[in-house]
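Below, read A as the first sequence line, B as the second, and so on, with proteins coming before strands; counting in each chain starts at 1. All values reported here derive from a predicted model rather than from experimental measurement.
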2 protein chains.
Amino acid sequence: MRRAACNSSPLQALATKGSSPRHAVRGFSSSVRKLGASPFVNEPTKPVMHTSIPGPKSKAAIKKLDNVFDTRSLNMLVDYPKCNGNYVVDGDGNTLLDVFAQIASIPVGYNNPELAKVASSPAMVNAIINRPALGNFPSADWAEILETGILRAAPKGLDQVFTATTGSDANETAYKAAFIWRRTQERGGKDFSAEEIDSAMVNQAPGAPNYSILSFSRGFHGRLFGSLSTTHSKPIHKLDIPAFDWPTAPFPQLRYPLDQFAAENRAEEERCLAEFERIVSTFHNPVVAAVVEPIQSEGGDNHASLYFFQGLRRITKKHNVLLIIDEVQTGVGATGKFWAHEHWNLDSPPDMVTFSKKAQAAGFYYTDKSLRPDKPYRQFNTWMGDPARALLFRGIYNEIERHGLVEQAARVGKYLYGKLDALTQRYPNEIRNLRGKDRGTFLAWDSPRRDEIVRSAKAKGVNIGGSGESTIRLRPMLVFKEHHADILVDTLETIFKA
Amino acid sequence: MRRAACNSSPLQALATKGSSPRHAVRGFSSSVRKLGASPFVNEPTKPVMHTSIPGPKSKAAIKKLDNVFDTRSLNMLVDYPKCNGNYVVDGDGNTLLDVFAQIASIPVGYNNPELAKVASSPAMVNAIINRPALGNFPSADWAEILETGILRAAPKGLDQVFTATTGSDANETAYKAAFIWRRTQERGGKDFSAEEIDSAMVNQAPGAPNYSILSFSRGFHGRLFGSLSTTHSKPIHKLDIPAFDWPTAPFPQLRYPLDQFAAENRAEEERCLAEFERIVSTFHNPVVAAVVEPIQSEGGDNHASLYFFQGLRRITKKHNVLLIIDEVQTGVGATGKFWAHEHWNLDSPPDMVTFSKKAQAAGFYYTDKSLRPDKPYRQFNTWMGDPARALLFRGIYNEIERHGLVEQAARVGKYLYGKLDALTQRYPNEIRNLRGKDRGTFLAWDSPRRDEIVRSAKAKGVNIGGSGESTIRLRPMLVFKEHHADILVDTLETIFKA
């Protein structure tokens, strides 16, 4: 049952600590050009299907699982020790090419041997069994773990990090930082008033101010109470859950192909920017920050141009509003840059960038030390992240660097986009509004019979995800190569033909 | 630098899977009587101090860490691989008896050898490097991992679990379950209305209803936006952060010694129950659930009697309000029962019980399948907990069972309470309102010079935590024994004498 690489690899110290100074690796995605061999020696060469999914073994196991765990959202029961590279193996031994990758969160392939070394190192064992309360009792090597890992991956211009545990709490702690920053600025050095202290304790203004975070229609930023108040992807995510009275600005709805609708799309983005500025400057609950995804992922892979994002940066600067870029799904390489917002050539960096998923660790980057609250214990919790996951992220970063996986995602994405574009010519009713050109493998299109296509692909051994109302989104891992793209495209064509 | 037990133990499969059926181990805390030997072979016999804290090495490392990580809440820089059992070792080699235990979250001692085996097992390596999106792609053995671990620890009457990652999100997902449950009940089988769907997407009622979670004055339930709206421990936790208009009921303020103030305390609890019922039945934002800690931990170790908690259960049942017991800090044995609310002899179990900290995993237990939402994807997120932490909790549970650590906490707590009570007689100005009789080692008292006592104890090699305004709280691990209690009490007496 267990993967050979795990069983046979001895406990081994992590020998891959970064030696280069952090600042030297800024601009990582353009500076690293090593295109090494695949890390997987026995990766399957194609999907192999033995049964329909779920097969008999999976059905029995799902029935048992349902006694204690809600299985209605279950897609596939997975035998993780048997998975390898880009291939996922289900409970009946079916082997599928995985271009969904645990909702875009497996970075460098299943059972990556280098990550197995990190995970079985004494440092990892120590991190797991002695989990610290990081804010009070950080380990003596916490600075080194951050500097040789999470901070080497930091976007240009941001050199501080607040570690968290999930994408939702990465966003919520970033929002808290924004509220604290704004109110501290407004107090101008004065201490809290008695009225603020008393009212905060019972959830009332001015201590708990009626301030807000602006988000965009169709955006997704998480599902806890604060993050859900900024999420507008699907009603089922939000129904019955109380929400803050925070504003929503329109996100551009672009028309495809982009080159045929350049003027209309520019007008649409100008309309959205004007509405954004109007809300930022007039909303009844003052806006302290705007949060936006570089590509709205759960909401259906909605893109906007550099012009739009540059406009957001300009307008937020003008109105003393922070700009938070949510890179939970877009971050860590898949768009062909390490961070998707690096495509935008901003004049000044975002104020905060949040991450999770493929980082396998979570948190937010920032630069301005004024986003460190004026007093301790304002941004604090018991664990404040997880050194075990920070060690893993370091291993992931090293693996990305060693194999040039960001450049590979750019290259393979270009190849795959070309093949999909050609397929669009032949099956214009099957692939509509193909999106993600020059955004690596972060590709998507609208499909009039999306759920049927996803089901058929699974039956043929390719695991694909949907998003939004009718979107098929591709979220392969960073180890996805041209020959994997061929299998994906051939499978799609077989389905379209049938 | 590294602990021998980690370096020398070979990769080893977790050989301690529970074989007894889950229901047979209900009432765990009274049925397990094995009082085995200590799991630590070379645990220090006493504190050893080489320098003041922070010493020169720590000072240099803290200065470096502060460049990238806020260190103003830092208590001590720790050399985790050198820690052993109840002893924490700092960056200068100072060895302290730790009765704070990472804010009450280390369960069975630093570098516990059995946990080291779990952490270096192939199952753990697999869980770390192939982290699943559990709601979509659970592992084939997820039911077994839950049933032999997290669910064996389930409180009596609760047999379902929703896994999460931190105490805050355990509480927030429990709150979401409560809101969904109530609104589903109110719709009486009807589907969402168009008005609900449209309004939810823009954060307005009725889709995002103005319903509420009731919490108690001085309670602590986390620091994200929903959980923080139920937290009322200290202003610094809440200031400048927007909050929901949710109600606060008074938590009893008992007078000590309890036997001298029996009538006054009963009157106080009746006052609080009456006020609770008034708020539950009249608050303008309808109350769907009440959340309460068995012992208010961050708020200063505030206790209430069985009478009060039984009253909460009675009143919540009467008004169709759910009762959520937050056992994030009180759970997993330290009070002398596995769950603190098991002290209460409730007629019917709580609706949900949340856990984290010493479980090293997080989530909430519940029983009623109506707390499974009526549709999938309503309670959902990418990771939905962490199998790596579920494996660790299983190891923790096995270790607690093997050594009878719940009974040990009860026994050692009784011993320690007796010694502290005697100390109170001699130093009545130093120890006031001693609390936690018959609650294991979960002991606390008020100290007129709290911060000074905590500082002095640290200088003498005992790490103690505070809470509330002037409370000293003891939070030893479950491997804390009588001879550790002696060192603690002797150190306190030395300080009081000086």
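For the set A:N285, A:I213, A:T165, A:T184, the count of heavy-atom pairs under 4.5 angstrom toward chain B peaks at A:T165. Here A:D66 is the residue among A:L392, A:D66, A:V328, A:V88 with the most heavy-atom pairs under 4.5 Å with chain B. Chosen from A:T163, A:V288, A:L224, A:I197, the residue pairing most often with chain B at heavy-atom distances under 4.5 Å is A:L224. Ranked by heavy-atom pairs shorter than 4.5 Å toward chain A, the options B:Q102, B:K57, B:H237, B:R187 are led by B:Q102. Taking chain B as the reference chain and counting heavy-atom pairs below 4.5 Å, the highest number among A:I62, A:I241, A:I103, A:L115 is found for A:I241. Highest contact tally toward chain A, considering only B:R183, B:M384, B:E172, B:R372, is held by B:R372 [criterion: heavy-atom pairs under 4.5 Å]. Ranked by non-hydrogen atom pairs under 4.5 Å with chain A, the options B:T71, B:T382, B:T248, B:I396 are led by B:T382. Your options are B:D386, B:I128, B:T166, B:L239, and the one with the most heavy-atom pairs under 4.5 Å with chain A is B:L239. Residue with the most contacts toward chain B among A:G91, A:P132, A:G226, A:S58: A:P132 (heavy-atom pairs, distance under 4.5 Å). Options B:K234, B:K64, B:K176, B:E196 differ in how many heavy-atom pairs under 4.5 Å they form with chain A, and the most are formed by B:K176. Highest contact tally toward chain B, considering only A:P206, A:A119, A:P138, A:A133, is held by A:P138 [criterion: heavy-atom pairs under 4.5 Å].
Side chains of A:N203 and B:D245: no donor on one and acceptor on the other come within 3.5 Å. In this structure, a donor-acceptor pair under 3.5 Å is present between the side chains of B:D98 and B:Y110. In the model, B:Q360 has no side-chain atom that pairs as donor or acceptor with a side-chain atom of A:R131 under 3.5 Å. Judged by distance alone, the side chains of A:S227 and A:N171 never bring a donor and an acceptor atom under 3.5 Å apart.
Taking 4.0 Å as the cut-off between side-chain N and carboxylate O, B:D169 and A:R223 do not count as a salt-bridged pair.
In this structure, the portion of A:S233 lying under 4.5 Å from any heavy atom of chain B is its backbone and not its side chain. With a 4.5 angstrom heavy-atom cutoff, A:S139 touches chain B via backbone and side-chain atoms both. Of the two parts of A:R182, neither the backbone nor the side chain holds a non-hydrogen atom closer than 4.5 Å to a non-hydrogen atom of chain B. Proximity to chain B (any heavy atom under 4.5 Å) is restricted, for A:A388, to the side chain, taken from C-beta onward. Contacts between A:N463 and chain B at a heavy-atom distance below 4.5 Å involve the side chain alone, from C-beta outward. Contacts between B:N210 and chain A at a heavy-atom distance below 4.5 Å are absent for every atom of the residue. Residue B:L134 touches chain A through both its backbone and its side chain, counting heavy-atom pairs closer than 4.5 Å. For chain B, no part of A:D198 is nearby; none of its heavy atoms comes within less than 4.5 Å. For A:W142, the parts lying under 4.5 angstrom from a heavy atom of chain B are both the backbone and the side chain. For A:I236, the parts lying near chain B are the backbone and the side chain together; criterion is any non-hydrogen pair under 4.5 Å. Only the side chain of A:I106 has a heavy atom closer than 4.5 Å to any heavy atom of chain B. In this structure, chain A has a heavy atom under 4.5 Å from the side chain of B:F100, while its backbone stays farther away. Heavy atoms closer than 4.5 Å to chain B are found in both the backbone and the side chain of A:N136. Contact annotation for A:P373: both backbone and side-chain heavy atoms come within less than 4.5 Å of a heavy atom of chain B.
Annotation: salt bridge (charged side-chain N to carboxylate O under 4.0 Å, His left out) contacts of B:R378 (sequence neighbours excluded): A:D240, B:D374.
When atom types are taken as modelled, the side chain of B:D90 and the backbone of B:M76 share no donor-acceptor pair closer than 3.5 angstrom. Judged purely by atom type and a 3.5 angstrom limit, B:K238 uses its side chain to pair as donor or acceptor with the backbone of B:L228. Looking at A:Q379, its side chain does come within 3.5 Å of a backbone N or O of A:T173 through a donor-acceptor pair. Checked by atom type and distance alone, the side chain of B:S73 pairs as donor or acceptor with a backbone atom of A:G135 at under 3.5 Å. Within the 3.5 Å criterion, the main-chain N or O of A:G167 finds no donor-acceptor partner in the side chain of A:K357. B:N112 contributes a side-chain N or O that, together with a main-chain N or O of B:V108, makes up a donor-acceptor pair within less than 3.5 Å.
Paired with B:Y211 under the rule side chain to side chain contact (heavy atoms under 4.5 Å, CB included), one option of B:W246, B:F179, B:F244 passes, and it is B:F179.
With a 6.0 Å cutoff to the six-membered ring centre and a 45° limit on the axis angle, A:K375 counts as a cation-pi contact of A:F192.
Put simply, the side chain of A:V89 does not reach to within 4.5 Å of the side chain of A:V78, judged on heavy atoms.
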